[in-house]
Amino acid sequence: QVQVAESGGGLVQAGGSLRLSCAASGSISSINTMGWYRQAPGKQRELVALISSGGATSYAYSVKGRFTISRDNAKNTVDLQMNSLKPEDTAVYYCYLKTLISPSAGVVDYWGQGTQVTVSS
């Protein structure tokens, strides 16, 4: 069984920084994608950043240059360093994992429970 759990988050003033961490455990393929999505009140969940097991990254335009995603393949962890935070970054942030479970089960998406990030103006 695969589990994904976030840590970090909290309240910060605009211009400040926060670091989110996520750990995945269970039967995880060495070839996978991890990342972060966020959902603000009244809005759809949106991509923040992704990183493959090979190190390829992608970012939402709104966070490029401010957020940095990184991972430790040996530990199946992914971090999101968020700098120069803005009030519009306020949202619940969800850790995401896409991994091959088995040839029969195929690729499966997993989500953490989410962690609140609040940026005050």
Side-chain angles (χ1 to χ4, degrees):
Q1 185 176 0
V2 175
Q3 292 185 324
V4 177
E6 306 99 340
S7 61
L11 173 65
V12 66
Q13 288 189 330
S17 298
L18 281 175
R19 188 176 185 87
L20 304 181
S21 296
C22 173
S25 60
S27 179
I28 301 170
S29 168
S30 60
I31 301 175
N32 60 71
T33 297
M34 298 186 75
W36 296 90
Y37 283 72
R38 68 186 181 186
Q39 187 167 18
K43 295 188 177 181
Q44 289 188 332
R45 191 173 295 188
E46 64 177 6
L47 169 70
V48 177
L50 294 174
I51 184 168
S52 72
S53 50
T57 59
S58 61
Y59 294 91
Y61 179 80
S62 60
V63 307
K64 274 186 179 179
R66 301 188 297 123
F67 291 10
T68 302
I69 191 169
S70 59
R71 64 181 291 166
D72 184 328
N73 286 342
K75 297 179 180 179
N76 286 320
T77 58
V78 61
D79 290 344
L80 185 69
Q81 178 65 42
M82 304 184 293
N83 298 327
S84 302
L85 283 161
K86 304 175 181 179
E88 51 263 44
D89 293 318
T90 295
V92 177
Y93 284 69
Y94 296 91
C95 184
Y96 167 79
L97 166 68
K98 179 190 288 288
T99 184
L100 175 67
I101 296 300
S102 68
S104 57
V107 175
V108 179
D109 295 341
Y110 293 92
W111 298 89
Q113 291 189 329
T115 184
Q116 179 70 46
V117 171
T118 302
V119 184
S120 63
S121 58

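Keep in mind that the numbers below use all heavy atoms, side chains included, and drop hydrogens, waters and symmetry copies.
The hydrophobic cluster around Leu11 extends to none of the other residues, as no ILVMFWY side-chain heavy atom falls under 4.5 Å of it. Tyr94 belongs to a hydrophobic cluster with Tyr37, Leu47, Leu50, Val92, Tyr96, Trp111, counting contacts under 4.5 Å between side-chain heavy atoms of Ile, Leu, Val, Met, Phe, Trp and Tyr, direct or through other members.
For residues 21-34, there are no salt bridge (charged side-chain N to carboxylate O under 4.0 Å, His left out) pairs, not counting sequence neighbours. Sorted by first and then second residue, the ring pair (Phe, Tyr, Trp, His ring centres under 6.0 Å) pairs with a member in residues 52-91 form an empty list; sequence neighbours excluded. Among residues at least two apart or in separate chains, side-chain hydrogen bond (donor to acceptor under 3.5 Å, both in side chains) pairs with a member in residues 23-34 are Asn32-Arg71. The stretch residues 75-121 participates, sequence neighbours left out, in these disulfide (SG to SG under 2.5 Å) pairs: Cys22-Cys95. Sorted by first and then second residue, the salt bridge (charged side-chain N to carboxylate O under 4.0 Å, His left out) pairs involving residues 50-62 (not counting sequence neighbours) form an empty list. The salt bridge (charged side-chain N to carboxylate O under 4.0 Å, His left out) analysis of residues 7-20, with sequence neighbours excluded, yields the pairs Arg19-Asp79. Listed by first and then second residue, the salt bridge (charged side-chain N to carboxylate O under 4.0 Å, His left out) pairs that reach into residues 110-121 come to none, sequence neighbours excluded.
Residues meeting the salt bridge (charged side-chain N to carboxylate O under 4.0 Å, His left out) test with Asp89, sequence neighbours left out: Arg38, Arg66. By the side chain to side chain contact (heavy atoms under 4.5 Å, CB included) test, Ser102 is found to be paired with Ser104, Ala105, residues two or more places apart in sequence or in another chain being considered. With sequence neighbours excluded, the residues satisfying salt bridge (charged side-chain N to carboxylate O under 4.0 Å, His left out) with Asp109 are Lys98.
Under a hydrophobic-cluster definition in which Ile, Leu, Val, Met, Phe, Trp and Tyr are linked whenever side-chain heavy atoms come within less than 4.5 Å, directly or via other members, Met82 and Val12 are assigned to the same cluster.
In terms of modelled atom types and a separation under 3.5 Å, the side chain of Glu6 and the main chain of Gln113 share a donor-acceptor contact.
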